[in-house]
Each structure stands twice: as C-alpha cells, then as structure tokens.
Amino acid sequence: MKAHKECVLLCFSFQLIDGAVVPILKLNDRNERLEGDISVDIQNSIFNTYLQKCYGKMDPRVTPLVVIVKYWAQSSRITGAQYHKLSGQ
C-alpha cells in the first residue's frame, strides 16, 4: 500500500482550487500527460452527465457536438470553473 501511495505522489501533481464556486482538485498525470478535475459538487456533476447521456440517446448527433464544443471552448481558453468561466476542462 505504501508503494502505491508513493507512485501516486510521483506520477501525479495536485492543485487545490478553493476560489471556485465549489472546491476543485486539479490532477495532472505526469507520465501520460493527462489532466482532469474533481469537484466536490458531485451531485450536480452526476446529474449533468446523466442529462448529457439522455440527450445523446435522443439524438446521436448530440455527443459529437458536445465533444466539439468542449474542444472549441478549451482551445479558446474560455473554460475554468476556478475563474468563474465555463466548466469542462
């Protein structure tokens, strides 16, 4: 278990964003160059994910559209809940 904890500390960098509407923990995987966020407002996140899934089932064009809009928003640097911008990083 100790080796696992050490690997997590070596492989990931962590940053707490406590100035956002809800606290956010930003994770960066140094080896794979992946990043993600964990927010405390889990219920809202679960609902939004479920809602997107329902929309995607209603019309198969929704999921690719969401992916494209998220990519555009990230490329345009208008995302970042910690800065009171759109979520979706």
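Not measured: the values here are computed from a predicted model.
- Hydrophobic clustering (ILVMFWY, side-chain heavy atoms < 4.5 Å, transitive): Val67 and Tyr71 are in distinct clusters.
- Of the listed residues (Asp59, Leu65, Thr63), just one forms a side-chain contact (heavy atoms from CB on, under 4.5 Å) with Arg61, and that residue is Asp59.
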Between side-chain atoms of residues 47-56 and protein atoms elsewhere (two or more places apart, or another chain), which donor-acceptor pairs fall under 3.5 Å?
unit_1, atom_1, unit_2, atom_2, d
Asn48, ND2, Asn44, O, 3.4
Thr49, OG1, Ser45, O, 2.9

